[in-house]
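Report on one structure; see the data block that follows.
Just so we're clear, the structure is a prediction, and the values are computed from it rather than from any experiment.
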Amino acid sequence: QVQLVESGGGLVQAGGSLRLSCAASGRAGVAYSMGWFRQAPGKEREFVAVISWSGEKTNYGDSVKGRFTISRLNAKNTVDLQMNSLASEDTALYYCAAAEYGYMDYVLQGRAGAYDYWGRGTQVTVSS
């Protein structure tokens, strides 16, 4: 079992930046792809970004491309999401997820069903 804990959420003005972090703990020696998703009230969960275990492959949702950057530090079992040029539409509960068994293509496409473990989320609120 893997536990994921997100941090770094908060309130920020439009145009500002935030950096989210996700710490993974649990089983050692297992390679996970790590992703970020978000869900706003009344909306479906949306794929934000993913990074492979090696860090060589990344993918982003269309709405965040060019503004968000995902990175990971395997030595510390963490994955970060740098969010720039935030807008009110980015307001949501942001979830960290890890994929151990999922089909890699689906993982990199951001299909939520391909992820095996989920955190509880951290709230990001962007004021306009």
Side-chain angles (χ1 to χ4, degrees):
Q1 192 71 12
V2 174
Q3 293 79 42
L4 303 173
V5 178
E6 304 94 338
S7 61
L11 176 64
V12 63
Q13 289 188 335
S17 299
L18 275 178
R19 189 176 184 90
L20 305 183
S21 186
C22 174
S25 62
R27 296 170 57 202
V30 180
Y32 310 104
S33 292
M34 301 289 291
W36 286 95
F37 292 77
R38 66 187 184 185
Q39 188 166 18
K43 294 187 177 181
E44 294 185 352
R45 182 168 47 189
E46 178 187 11
F47 165 68
V48 176
V50 61
I51 186 166
S52 63
W53 167 253
S54 66
E56 293 179 352
K57 296 182 179 180
T58 60
N59 191 27
Y60 296 89
D62 289 341
S63 61
V64 306
K65 283 180 180 177
R67 299 188 299 125
F68 291 11
T69 303
I70 189 170
S71 60
R72 69 187 299 163
L73 188 60
N74 288 341
K76 293 187 177 181
N77 292 325
T78 59
V79 59
D80 290 350
L81 184 69
Q82 177 65 41
M83 306 185 296
N84 298 328
S85 302
L86 285 163
S88 58
E89 305 86 78
D90 297 313
T91 294
L93 187 61
Y94 283 71
Y95 296 93
C96 175
E100 180 181 359
Y101 303 107
Y103 180 50
M104 182 53 68
D105 282 356
Y106 291 167
V107 171
L108 292 176
Q109 290 170 13
R111 299 192 188 191
Y115 289 77
D116 304 292
Y117 309 104
W118 294 81
R120 293 188 175 185
T122 185
Q123 179 66 39
V124 172
T125 303
V126 184
S127 62
S128 56

Exercise. Quick one: does N74's side chain have a donor or acceptor within less than 3.5 Å of a partner on W53's backbone?
Worked result: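 It does hold such a pair.
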Exercise. Is the backbone N or O of I51 less than 3.5 Å from a side-chain atom of T58, with the two atoms forming a donor-acceptor pair by type?
Worked result: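 Checking the backbone N and O of I51 against the side chain of T58, no donor-acceptor pair under 3.5 Å is found.
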Working to the nearest 0.5 angstrom, can you tell me the gap between [X] [atom1] and [Y] [atom2]?
| X | Y | atom1 | atom2 | value |
| --- | --- | --- | --- | --- |
| Q13 | S128 | CD | OG | 9.5 Å |
| L11 | T125 | CG | OG1 | 6.0 Å |
| N84 | R19 | CG | CZ | 9.5 Å |

For this session: Flag the pair S33 / M104 as yes when at least one side-chain heavy-atom distance between them is below 4.5 Å, and no otherwise.
Result: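 In contact.
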Exercise. Would you call W118 and L4 a side-chain contact if the rule is heavy atoms closer than 4.5 Å?
Worked result: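 They are not in contact (no side-chain heavy atoms under 4.5 Å apart), so the answer is no.
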For this session: Applying side chain to side chain donor-acceptor pair (under 3.5 Å), name anything that partners N77, two or more places apart in sequence or on another chain.
Result: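 With neighbours one apart ignored, the set is empty.
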Mind jotting down which residue pairs meet the disulfide (SG to SG under 2.5 Å) criterion with at least one end in [range]? Sequence neighbours excluded, please.
| range | answer |
| --- | --- |
| residues 83-128 | C22-C96 |
| residues 49-95 | none |
| residues 97-128 | none |

For this session: Could you tell me which residues satisfy ring pair (Phe, Tyr, Trp, His ring centres under 6.0 Å) with F47, sequence neighbours excluded, listed by chain and number?
Result: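 Listed in chain order: F37.
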Using the side-chain contact (heavy atoms from CB on, under 4.5 Å) criterion, which residues pair with [X]? Sequence neighbours excluded.
| X | answer |
| --- | --- |
| R120 | none |
| S85 | R67 |
| L18 | V12, M83, L86, V124 |
| K65 | Y60, D62 |

Exercise. Are Y32 and V48 co-members of a hydrophobic cluster defined by side-chain heavy atoms under 4.5 Å apart?
Worked result: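 Same hydrophobic cluster.
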Problem set entry | Y115-L81 co-clustered via ILVMFWY side chain contacts under 4.5 Å |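 No; tracing contacts between hydrophobic side chains, which count when under 4.5 Å, never links both residues.
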For this session: Might you point out which heavy atoms bring G121 and L93 nearest each other, and give the distance in Å?
Result: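 In terms of heavy atoms, the two residues are closest at C-CD1, 3.8 Å.
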Problem set entry | Nearest heavy atoms of A99 and A114, plus distance in Å |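 In terms of heavy atoms, the two residues are closest at CB-O, 3.6 Å.
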Problem set entry | Summary of salt bridge (Lys or Arg N to Asp or Glu O under 4.0 Å) pairs that have at least one residue in residues 43-55, sequence neighbours excluded |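 Residue pairs passing salt bridge (Lys or Arg N to Asp or Glu O under 4.0 Å), neighbours aside: R38-E46.
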Exercise. Among pairs that include at least one residue of residues 96-116, which meet salt bridge (Lys or Arg N to Asp or Glu O under 4.0 Å), considering only residues two or more places apart or in two chains?
Worked result: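 Listed by first then second residue: R27-E100.
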Exercise. Under the ring-ring contact (aromatic ring centres under 6.0 Å, His included) rule, what pairs show up with a residue in residues 79-114, not counting sequence neighbours?
Worked result: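 The answer is Y103-Y106.
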